[in-house]
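Below: the structure, in structure tokens.
To find a chain, count down the sequence lines: A is the first, B the second, and so on, and within it residues start at 1.
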Number of protein chains: 2
Amino acid sequence: MPLRTAPSVKRGKIPEATVARLPIYYRALTQLFERGETRVSSEELAELTGVTSAKLRKDLSHLGTYGTRGVGYEVEYLRFQIAREMGLNNDWSVVIVGLGNLGRALARYGGFGSRGFQIVGLFDHDAKLIGSKLRTGKSEIEIMPATDLARAVKQLKARLGVIAVPAEVAQKVCDDLVKAGVTSILNFAPTHLSTPDGVDVRRVDLASELQILAFHEQKKNEEKSA
Amino acid sequence: MPLRTAPSVKRGKIPEATVARLPIYYRALTQLFERGETRVSSEELAELTGVTSAKLRKDLSHLGTYGTRGVGYEVEYLRFQIAREMGLNNDWSVVIVGLGNLGRALARYGGFGSRGFQIVGLFDHDAKLIGSKLRTGKSEIEIMPATDLARAVKQLKARLGVIAVPAEVAQKVCDDLVKAGVTSILNFAPTHLSTPDGVDVRRVDLASELQILAFHEQKKNEEKSA
DNA sequence: AGAGATTTGTGAAGAAAAGCACAAATCCCC
DNA sequence: GGGGATTTGTGCTTTTCTTCACAAATCTCT
Ligand SMILES: NC(=O)c1ccc[n+]([C@@H]2O[C@H](COP(=O)([O-])OP(=O)(O)OC[C@H]3O[C@@H](n4cnc5c(N)ncnc54)[C@H](O)[C@@H]3O)[C@@H](O)[C@H]2O)c1
Ligand SMILES: NC(=O)c1ccc[n+]([C@@H]2O[C@H](COP(=O)([O-])OP(=O)(O)OC[C@H]3O[C@@H](n4cnc5c(N)ncnc54)[C@H](O)[C@@H]3O)[C@@H](O)[C@H]2O)c1
């Protein structure tokens with residue numbers, strides 16, 4: 001086995017489309033690793049993740065040259081490089097606002113903690129929920145009143161926030177989170193949030209997803225009857 | 001008020017990026033309509049939905065010419081046109097497989113029924129859940145055993161399926177859904193599903209979303225310390 | 001050590017999406 | 001009915017993303 005020469009780490013900006021796919025590659029690599037695989041080709045990894053092998057190689061080429069021609073990629077090594085690039089080796093503190101149907105499902109979900117996301121704060125408006133405890137990953141957390149949000153989030157130093165409140169109050173909650181120092185927000189409310197520069201928002205819009213599927217479904221029908 | 005001349009309905013393919021935004025415009029228009037607004041300009045609607053006005057106008061131009069120069073768009077009329085284009089006037093039957101944390105939150109969510117998506121079937125593997133009832137929108141539905149999936153879905157004639165089971169069994173569930181006639185799938189399991197041609201899959205990957213935010217968050221830090 | 005088989009990394013071409021800017025259509029008011 | 005103000009619809013440009021296709025690097029086998 002030859003000594004691995006230090007690979008060149010690219011320092012250009014990574015295209016947004018690539019960033020969105022890195023978590024998917026990361027997950028597939030994790031599976032391969034757990035299955036004991038040590039090597040994988042771009043063709044195999046592409047098959048597993050549902051992209052083309054050319055796209056996969058180009059995506060990876062933005063991080064650096066971590067493969068070996070004629071051979072493929074070392075699973076563990078590539079996985080580590082993606083994790084480093086994405087900041088998954090850091091621990092991220094996350095707060096969730098709104099513990100209704102969806103917020104509770106998110107809080108209880110074990111998959112976040114195991115990926116470096118620690119849920120450190122839960123906030124709701126409803127007096128019936130405040131004070132009750134939820135098991136999130138390893139620890140139990142008490143639901144705090146939304147009125148405490150600004151103070152508590154600042155103290156917890158969380159910079160990631162999840163909004164799972166009704167659409168009507170989402171902008172208000174968003175403003176409070178931003179005021180408390182949150183700079184990245186995952187928004188489940190079906191509404192656009194405006195934020196100052198430097199604050200990222202990603203929306204997950206479940207009803208829209210169904211509507212997009214329905215649109216294509218309708219097109220399939222039109223074709224058939226045409 | 002002049003008679004509205006029949007607007008030309010465009011019959012070209014609508015770009016995918018546009019399709020993904022139509023539900024967002026639709027929702028904003030619904031809000032405006034409920035608020036009693038009758039007209040809206042591309043500038044205002046763009047502001048509400050977080051896009052630029054030029055993009056919005058180009059998106060709408062793919063459906064037809066439904067605006068009036070110098071005036072704007074009629075809220076109700078434009079809303080109806082988008083609904084028609086997206087097939088939101090039809091009723092869509094949806095089944096959900098996996099009623100854990102997430103599946104239950106989805107099943108209980110009222111926002112789907114009100115948008116033309118009827119949840120008509122719930123399936124799980126767990127004997128403790130089978131037979132129990134869940135209130136979904138107007139009606140109560142009994143959770144059925146996953147072994148019945150093929151038969152029941154065929155009978156229900158559902159063509160939209162939601163997968164909310166652990167990743168390890170997602171492909172199996174997907175295959176069963178496809179066999180039963182489902183041609184559009186919303187997948188919450190963090191794994192790629194392979195399906196035959198003609199079957200659409202959209203993935204909603206919550207952990208990936210957090211990871212993407214974390215990536216940008218890390219970049220912000222690097223900038224600051226640079 | 002060389003020939004043949006793989007498989008990466010990447011320029012270049014092509015396609016899709018976004019952004020710009022302005023003519024054309026409409027309204028309002030005098 | 002005409003002039004000024006408004007706002008759409010769209011051709012054109014730029015940017016971003018995807019796909020193609022092949023030289024370069026590595027491995028295996030003899
Ligand atoms: N449940 C789903 O499957 C689903 C699907 C798509 C979208 N959504 C969206 O996600 C959001 C949450 O959905 P849900 O089903 O959990 O709703 P929900 O009504 O069950 O829960 C909302 C929670 O937010 C809390 N809340 C209200 N105002 C608040 C405030 N000002 N500060 C803090 N907390 C406040 C409420 O007390 C409640 O606990 C909604 O915007 C909904 O449209 C949910
Ligand atoms: N809960 C979340 O917030 C969250 C977040 C991100 C991703 N996810 C993903 O969504 C999926 C569901 O998450 P969850 O938290 O609801 O998990 P969960 O374990 O609470 O629920 C899974 C359900 O699927 C059922 N199931 C298992 N095998 C089945 C089969 N073969 N047929 C039918 N039903 C079967 C189980 O009985 C269980 O009720 C998982 O893939 C998870 O990774 C969940």
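Here T52(A) lies in heavy-atom contact (under 4.0 Å) with sugar-phosphate atoms only.
Nearest nucleotide to the R69(B) side chain, out of dA25(C), dT8(C), dG11(C): dA25(C). For A17(A), whose side chain is taken as the heavy atoms from C-beta onward, the closest listed nucleotide among dA21(C), dC17(D), dT8(D) is dC17(D). Closest approach to the V71(A) side chain among dA23(C), dT26(D), dA18(C) is made by dT26(D) (side chain taken as heavy atoms from C-beta onward). Of the listed nucleotides (dC17(D), dG9(C), dC20(D)), dG9(C) has the atom at the smallest distance from the side chain of T65(A).
Under 3.5 Å, the side chain of R57(B) and the base of dG9(D) form at least one donor-acceptor pair of N or O atoms. The base of dT18(D) has none of its N or O atoms less than 3.5 Å from a complementary donor or acceptor on the side chain of K58(A). For a distance-only test at 3.5 Å, the side chain of K55(B) fails to qualify as a donor-acceptor partner of the base of dG19(C).
Side chain to side chain, R159(B) and S184(B) fail the donor-acceptor criterion of an N or O pair below 3.5 Å. Looking only at atom types and distance, the side chain of N221(A) has no donor-acceptor partner in the side chain of E217(A) under 3.5 Å away. Inspection of the T49(B) and R21(B) side chains reveals no N or O donor paired with an N or O acceptor under 3.5 Å.
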R203(A) vs S208(A), side-chain hydrogen bond (donor to acceptor under 3.5 Å, both in side chains): CA-CA, chis, key distance, verdict
CA-CA 11 Å; R203(A) 173 159 32 152; S208(A) 285; 5.5 Å; no

